[in-house]
Trainee: 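Encoded as structure tokens, here's the structure I'll be asking about.
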There are 2 protein chains.
Amino acid sequence: MDQEEARSRILDAAEELFYGRGIQTVGMDELRAAAGVSLKRLYQCFPAKHDLVEAYLRRRDARWRAELAEHVSRHAATAEDRPLAVFDWLRTWFADPGFRGCAFINSFGELGPVSDGVTGVARHHKQAVHAYVTGLVSALPVGDPALLAGQLVLLMDGAITTAAVSGEPAAAEYARTAAEALVAAARAAGPGAAAGPG
Amino acid sequence: MDQEEARSRILDAAEELFYGRGIQTVGMDELRAAAGVSLKRLYQCFPAKHDLVEAYLRRRDARWRAELAEHVSRHAATAEDRPLAVFDWLRTWFADPGFRGCAFINSFGELGPVSDGVTGVARHHKQAVHAYVTGLVSALPVGDPALLAGQLVLLMDGAITTAAVSGEPAAAEYARTAAEALVAAARAAGPGAAAGPG
DNA sequence: TTCCTCCGAGAACGATCGTTCTCTACACTA
DNA sequence: TAGTGTAGAGAACGATCGTTCTCGGAGGAA
């Protein structure tokens, strides 16, 4: 087996186990078995468990954002649809049987206080998502795209955690209606618009 | 030392350590030392660690919601102010040096998949907060209080997690402005109001 | 074939953790 | 004063975990 393939299989197993059951709950030997590699190979690829944890989070960050962006660009016809398509994608994600909330929030809650690496990756992920959403709303005629993006990101994280804890995907619907209202309000206060009533 | 006092000191230490560093990171012996009780006493009060974890979460749930309700009832003059006062309280909480996100989301992310007890307490907490917010918005002339409450709860959870991961309390401001917009939109669509433009 | 190198399988090691057990000291009762 | 029950201090136990080490075998080069 190639070193490259071993690394990929280890990361696949790590993503399934770490995301599904938590990081500290999964031992290196169970991970080795799930990946189908030897312990020696595992430590060749990742010298310590925290290296594997951070690599898992980094890969998941890239893939998660790529899937989100692909769904948005594929399903949103106009610039107005794009921010809302984010929440449609969330709904399909919540319905996935393996859904268990945000991997970065979970990892941060579990290891943030004792791992600067985990904290850094989680923070980077949230910043990247924020930047992506800011890009989406910047195409809209709103007065303060940064404000609207910040609000939408709150709805995203709130929906993710609520859906995870409650076990029901309905949070995506609430978030979408809230996003519609916030986008509408931002457009009403957009450049060239009169000040709102009050 | 009284049994009652021992129990209280243990729960105090558990809350500080579990919330601040995570549950699995804190051992029973460190907890015993922080509480200033003997190991025998510790296991008399809580026969196993998971008993202590669930007791910690239940007590924190009650206290957290009581503090929130007290702040709202004390600082909000009118029914219109009450939902927004929630976010003012969040802002002060985020600024606390010990703030580290939502104890229930953190615990759920760490132990949810392997502990039905933790999952149950986290779910109960979120349902109770939802019920409280529903009560707040039910006093407002809005068409669908349950919908607005669901939206506001998403903003709360999103703000809490964003503030925790980013380490900056600014999320509370975004959440408050979003809450204002959502309340205004719900009032515009409230009972007796004409349908909105669109 | 013989040697060298690499790999997988899994034992082993040291540390930690949750939990229990032992020992000693002290307060209270007859 | 002798006896009894209880508490604290901390050793001990069994399990688990991250990590390293050992052993035996496979494959290529001379």
Side-chain angles (χ1 to χ4, degrees), chain A residues 1-57 106-107 109-118 121, chain B residues 1-57 106-107 109-118 121:
Chain A
M1 186 194 309
D2 194 350
Q3 189 90 347
E4 190 87 10
E5 189 194 338
R7 192 182 163 88
S8 167
R9 289 170 66 167
I10 293 168
L11 284 173
D12 288 345
E15 183 150 4
E16 178 169 342
L17 292 175
F18 285 160
Y19 178 69
R21 302 227 317 270
I23 292 170
Q24 295 183 95
T25 307
V26 176
M28 293 296 269
D29 195 68
E30 179 180 6
L31 218 138
R32 171 208 62 80
V37 303
S38 73
L39 216 46
K40 179 181 281 186
R41 186 82 91 151
L42 174 55
Y43 276 92
Q44 273 177 3
C45 293
F46 303 96
K49 189 179 186 181
H50 68 260
D51 296 318
L52 174 56
V53 169
E54 292 170 26
Y56 141 65
L57 288 175
N106 290 349
S107 303
E110 183 176 355
L111 293 172
V114 294
S115 167
D116 291 341
V118 167
V121 180
Chain B
M1 185 194 308
D2 194 349
Q3 189 90 345
E4 191 86 9
E5 189 194 337
R7 191 182 164 90
S8 165
R9 288 169 68 165
I10 293 169
L11 283 173
D12 288 346
E15 182 149 6
E16 177 168 343
L17 292 175
F18 285 160
Y19 178 70
R21 302 226 318 270
I23 292 170
Q24 295 184 92
T25 307
V26 176
M28 292 297 268
D29 196 67
E30 179 179 6
L31 217 137
R32 172 208 61 80
V37 302
S38 72
L39 216 44
K40 178 180 281 186
R41 185 82 94 151
L42 174 54
Y43 277 92
Q44 273 177 3
C45 294
F46 302 97
K49 188 179 186 181
H50 68 260
D51 297 318
L52 175 55
V53 170
E54 292 170 27
Y56 141 65
L57 288 175
N106 291 349
S107 304
E110 182 176 356
L111 293 173
V114 294
S115 167
D116 291 341
V118 168
V121 181

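Just so we're on the same page: letters track the sequence lines, and every chain starts at 1. Side-chain atoms are counted along with the backbone in the values below, which use heavy atoms only and exclude waters and symmetry mates.
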Trainee: Between B:K40 and D:dA7, does any side-chain N or O lie under 4.0 Å from OP1 or OP2?
Mentor: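 Looking at the OP1 and OP2 atoms of D:dA7, neither is under 4.0 Å from any side-chain N or O of B:K40.
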Trainee: Which nucleotide in the set D:dG18, C:dT19, C:dC7 lies at the smallest distance from any side-chain heavy atom of B:M28?
Mentor: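 Minimum distance to the B:M28 side chain belongs to C:dT19.
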Trainee: Expressed in angstrom and rounded to an integer, what is the separation of A:E5 atom CD from C:dG8 atom C1'?
Mentor: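 Atom CD in A:E5 sits about 15 Å away from atom C1' in C:dG8.
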Trainee: Tell me: CG of A:L17 to P of D:dG18, nearest whole Å?
Mentor: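 Those two atoms, CG and P, are 12 Å apart.
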Trainee: Tell me which nucleotide among D:dA9, C:dA9, D:dT19 gets nearest to the side chain of B:S38.
Mentor: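 That would be D:dA9.
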Trainee: For the pair B:V118 and B:H50, evaluate side chain to side chain contact (heavy atoms under 4.5 Å, CB included) and give the outcome as yes or no after the intermediate values.
Mentor: CA-CA 9 Å; B:V118 168; B:H50 68 260; over 6 Å; no
Trainee: B:G36 or A:L39: which one's nearest nucleotide on DNA chain D is closer to the 5' end?
Mentor: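 In this pair, the answer is B:G36.
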Trainee: Take atom CD of A:Q3 and atom C1' of C:dC7, then tell me their distance rounded to the nearest Å.
Mentor: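 Rounding to the nearest Å, CD of A:Q3 and C1' of C:dC7 are 11 Å apart.
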Trainee: On DNA chain C, does the nearest nucleotide to A:R32 precede the nearest nucleotide to B:V26 from the 5' side, or the other way round? Give the residue.
Mentor: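 Closer to the 5' end of DNA chain C: A:R32.
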Trainee: Atom CZ of B:R41 and atom P of C:dT19: how far apart are they, to the nearest Å?
Mentor: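 Distance check: B:R41 CZ to C:dT19 P gives 19 Å.
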Trainee: Might you work through the salt bridge (Lys or Arg N to Asp or Glu O under 4.0 Å) test for A:D29 and A:R32, ending with a clear yes or no?
Mentor: CA-CA 5 Å; A:D29 195 68; A:R32 171 208 62 80; 3.2 Å; yes
Trainee: Taking 4.0 Å as the cut-off, does a side-chain nitrogen or oxygen of A:Q44 come that near to OP1 or OP2 on C:dC6?
Mentor: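 For A:Q44, the contact criterion (side-chain N or O under 4.0 Å from OP1 or OP2 of C:dC6) is not met.
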Trainee: May I have the distance from B:Q24 (atom CD) to D:dG18 (atom P), rounded to whole angstrom?
Mentor: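 Between P of D:dG18 and CD of B:Q24: 11 Å.
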Trainee: Tell me, yes or no, whether the heavy-atom count around A:D51 atom CG, taken from other residues, nucleotides or ligands under 6.0 Å, exceeds 12.
Mentor: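 Enclosed: over 12 neighbouring heavy atoms sit under 6.0 Å from CG of A:D51.
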Trainee: Go through the steps to decide whether B:R21 and B:E30 satisfy the test side chain to side chain contact (heavy atoms under 4.5 Å, CB included), and finish with yes or no.
Mentor: CA-CA 12 Å; B:R21 302 226 318 270; B:E30 179 179 6; 2.9 Å; yes
Trainee: Taking CG from A:L42 and P from C:dA9, how many angstroms apart are they, rounded to a whole number?
Mentor: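 Distance, rounded to whole Å: 13 Å.
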Trainee: Run the side chain to side chain contact (heavy atoms under 4.5 Å, CB included) check on B:I23 and B:N106 step by step: do they pass?
Mentor: CA-CA 9 Å; B:I23 292 170; B:N106 291 349; over 6 Å; no
Trainee: From NZ of A:K49 over to C1' of C:dT16, roughly how many Å is that when rounded to an integer?
Mentor: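 A:K49 atom NZ is separated from C:dT16 atom C1' by 13 Å.
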Trainee: To the nearest Å, give me how far apart CD (B:E30) and P (C:dG18) are.
Mentor: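 About 10 Å, once rounded to whole Å.
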